[in-house]
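Order of the sequence lines fixes the chain letters, A, B, ..., with proteins taken first and strands second; residue numbering starts at 1 for each chain.
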Amino acid sequence: MHWSDVIAQRLTERGNDHIIATGITPSGEFHIGHLREILTGDMIARAARRSGLNAELVFVVDNADPLRKVYPFLDKSYEDFIGHQLGSIPAPDKDGKPDWRRFEEEGWSYGDHFLQPFLEALKQIGVEPRLIPNLTSYREGKFADSAKKACDNPDAIREIIERVSGRELPSNWFPWQPLDSKGSLDGLDVTGYNYPMVTWTDKDGNTGESNISKGEGKLPWRLDWPAKWGFNHITCEPFGKDHGAAGGSYATGVEIAAFFGHEPPQSLVYEWISLRGKGAMSSSSGNTVGPIEALRLVPPEILRLLIANSKPNKAIEFDTGMGLVNLADQYERLASRNFDEELSNDSLSRRQRVQIEDAQAALRLSMTTSTQEAKATSVSFRHLALLAQIKPKDEDIWSSLIESGAITNPNSVLSDRLERMRAWIDSEHFPEEMRIMILNEPDAASLGELDEEQRNLIPIIAGELQNAQWTAEGISLAFKNAANSADAPMRSMYRACYAMFMGSERGPRLAPILANCIRDEVCNLAQSCADSV
RNA sequence: GGGCCUGUAGCUUAGUCAGGUAGAGCGAUGGACUCUUAAUCCAUCGGCCGCGGGUUCGAACCCCGUCAGGCCCGCCA
């Protein structure tokens with residue numbers, strides 16, 4: 001059974017109506033790691049609906065969380081905002097400086113700034129969750145009940161956290177973080193509590209009051225999370241392994257939720273995504289690939305497949321090079337399979353059956369809409385990468401594909417893919433081994449590997465090219481003439497050509513590539529090869 | 001220190017919850033197509049399932065131990 005169906009089955013035991021929650025702090029640029037959170041939730045929601053449940057996906061935007069530090073992409077003036085809530089401070093402009101104008105005129109906050117592009121990527125990828133800005137929930141008093149219960153019984157909460165997490169809380173710990181007069185959550189000591197007011201003093205001895213029912217402050221994370229499970233009626237939530245460890249915030253959350261008087265959601269812990277060879281993704285270190293950037297290179301279905309086809313507890317190494325090629329080709333293979341036919345075979349073992357069913361589910365979840373049918377384009381990623389490199393004009397690619405019988409008409413899926421393919425080829429991520437390179441000078445090693453017959457062809461090829469008409473057909477003809485005049489098989493001829501022009505044993509069809517190269521350079525290269533053997 | 005996750009073919013992995021001959025894909029190798037769109041098709045090779053013990057008629061799977069990697073017990077998807 002696919003992992004999303006396993007969770008859906010557990011939800012079935014729990015009831016009919018479900019709210020599946022995801023949540024991210026908009027402290028910096030979103031990356032594909034965050035995509036796993038949302039897509040995991042989206043796939044659970046789809047699986048739940050498939051098994052007949054009502055399921056809604058929500059995205060809690062944790063914009064009540066404070067700014068932790070001045071990240072490298074921020075101007076140092078953000079120093080003043082440390083401890084301030086992300087939804088209540090201005091967004092950085094293109095120089096990293098606070099954009100006060102937009103903040104005051106439009107209310108455009110730091111959190112909005114980073115959230116917006118992510119939402120656009122989500123839309124492309126087929127996910128449109130209901131947004132729940134957490135700061136708004138505080139200001140609307142949604143946290144009031146839980147905050148009251150916690151502040152009325154600080155010792156009970158303290159006991160849970162200390163026992164479950166095994167860490168000791170400071171003696172002045174209080175289950176409410178008040179905002180000071182400037183809007184910071186940092187550095188305050190709670191001095192008293194009389195519902196709904198919490199009194200505090202800051203480092204400089206200033207005192208003030210905070211109303212816990214109006215969001216003049218926030219619950220610490222370990223309470224904030226279980227509290228919102230309650231009033232948002234969350235029944236299921238996937239979260240990263242950081243929250244999932246024993247003694248982590250889910251473990252304390254389960255008990256705190258019970259104390260608040262509601263059931264904790266069905267959990268699903270997922271592993272992190274790292275960037276191949278570069279370690280975990282992190283917004284602050286700049287070691288990221290954004291969802292937008294990823295979508296410029298590959299279609300959304302393929303990004304979805306990455307998540308759908310990996311079990312949540314498997315770490316994913318995102319590889320923007322050959323890994324993407326393999327992933328894309330895997331998608332094509334899946335799309336061209338006939339699963340129903342495969343499953344109708346009665347002699348399948350239980351394992352084989354499970355494997356086919358999971359592949360079918362993964363492909364279904366890769367579609368950007370749940371009703372869409374996967375269609376194979378019958379053109380592999382590799383093939384398209386090749387054509388895109390040798391043919392600058394899209395029409396030439398379509399006519400080549402039609403000629404070879406791969407397609408009958410160019411369609412929107414293919415032209416969309418070609419557009420992304422060209423972006424990928426132009427980017428730093430395109431793998432070297434996929435790049436077609438015509439040599440600048442003879443490659444002695446490759447030429448040395450040729451046998452005598454092949455070596456003898458080199459001067460003949462060089463000569464024929466001199467006289468060839470410089471089109472794909474003309475060059476093709478020159479190759480044929482060369483082979484004929486030496487009475488050699490075409491196979492040897494091509495073997496010699498690849499050694500001459502690409503320094504390899506095999507390669508893509510040469511004539512159209514050479515036709516797109518400068519004639520003199522190719523002829524000079526051929527002549528140098530002839531001279532060197 | 002306490003805990004969680006991961007370890008299966010060269011690579012990516014399925015299978016572990018419900019024990020019953022270890023399955024794929026990529027790569028590699030060989031072949032076919034009167035020869036090349038790195039195509040396609042066919043075949044082959046490749047596994048002490050991290051290691052040691054235990055339970056069992058039978059263990060990749062359950063139990064105990066151990067090694068390695070990652071992570072958590074302030075904050076983080």
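Note on A:K228 versus A:D224: salt bridge recorded, some NZ/NE/NH1/NH2 to OD/OE distance being below 4.0 Å.
Between B:rU16 and B:rC61, the distance separating the two P atoms is 12 Å to the nearest Å. On the P atoms, B:rC17 is 15 Å away from B:rA59, given to the nearest whole Å. Nucleotides B:rG65 and B:rC26, compared at atom P, are 41 Å apart to the nearest Å. Straight-line distance between the C1' atoms of B:rG20 and B:rA32: roughly 40 Å, to the nearest whole Å. The same atom, C1', is picked in B:rG54 and in B:rG19; the two are 15 Å apart, to the nearest Å. Comparing the same atom, P, in B:rG25 and in B:rG2 gives a spacing of 45 Å after rounding to whole Å. Using C1' as the reference atom, B:rG1 and B:rU12 are 36 Å apart when rounded to the nearest Å. Taking atom C1' on both nucleotides, B:rG15 is separated from B:rC49 by 10 Å, rounded to a whole Å.
Between A:E37 and A:A315, it is A:A315 whose nearest contact on RNA chain B lies nearer the 5' terminus. Between A:G240 and A:M1, the one whose closest nucleotide on RNA chain B sits nearer the 5' end is A:M1.
As a whole-Å value, the separation of A:R333 CZ from B:rU13 C1' is 13 Å. Spacing between atom CG of A:D329 and atom P of B:rU12 amounts to 18 Å, rounded to whole angstrom units. Look at OH on A:Y498: it is 7 Å from P on B:rA38, rounded to the nearest Å. Distance, A:E317 CD to B:rG70 P: 12 Å, rounded to whole Å. In this structure, CZ of A:R36 is placed 14 Å from C1' of B:rC71, rounded to the nearest angstrom. If you measure from atom CZ of A:R222 to atom C1' of B:rC73, you get 7 Å, rounded to the nearest angstrom. A straight line from CG of A:L334 to C1' of B:rU12 spans 14 Å, rounded to a whole angstrom. The distance from atom CG of A:L305 to atom C1' of B:rU13 is 13 Å, rounded to the nearest whole Å.
Listed pair A:N313 / B:rU6 meets the phosphate criterion, a side-chain N or O lying under 4.0 Å from OP1 or OP2.
The nearest pair of heavy atoms linking A:P264 to A:Y250 is CB-OH, 4.3 Å. Nearest approach of A:K218 to A:A64, heavy atoms of both residues: CD-O, 3.2 Å. Of all the heavy atoms in A:M493 and A:A483, the pair that sits closest is CG-CB, 3.8 Å. The shortest non-hydrogen separation linking A:H2 to A:A361 is CB-CB, 3.6 Å. Here the closest non-hydrogen pair linking A:K241 and A:V269 is CA-CG1, 3.5 Å.
Nearest to the side chain of A:D242, among B:rC76, B:rC73, B:rA38, sits B:rC76. Side-chain proximity of A:K241 to B:rA14, B:rC73, B:rC71: nearest is B:rC71. Taking only side-chain atoms of A:H243, from C-beta outward, the nucleotide of B:rC73, B:rC76, B:rG15 with the closest atom is B:rC76. Nearest nucleotide to the A:W221 side chain, out of B:rC26, B:rU6, B:rC75: B:rC75. Nearest to the side-chain atoms of A:K314 among the listed nucleotides B:rA38, B:rC76, B:rU6 stands B:rU6.
Between A:S109 and A:L86 the shortest side-chain heavy-atom distance does not fall below 4.5 Å.
As judged by a 4.0 angstrom heavy-atom cut-off over every strand, A:R68 is placed among residues touching the sugar-phosphate backbone only. Using a 4.0 Å heavy-atom cutoff across all strands shown, A:T25 reaches sugar-phosphate atoms only and no base atom.
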Report summary line: Under the rule of Watson-Crick or G-U wobble with both distances under 3.5 Å, where | means paired to another strand and [ ] a crossing pair, RNA chain B maps to (((((((..((((......[..)))).(((((.......))))).....(((((..]....))))))))))))....

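Under the 3.5 Å distance criterion, the side-chain polar atoms of A:Y110 are matched with a main-chain donor or acceptor of A:S27. At distances below 3.5 Å, not a single donor-acceptor pair connects side-chain atoms of A:H34 with backbone N or O atoms of A:P26.
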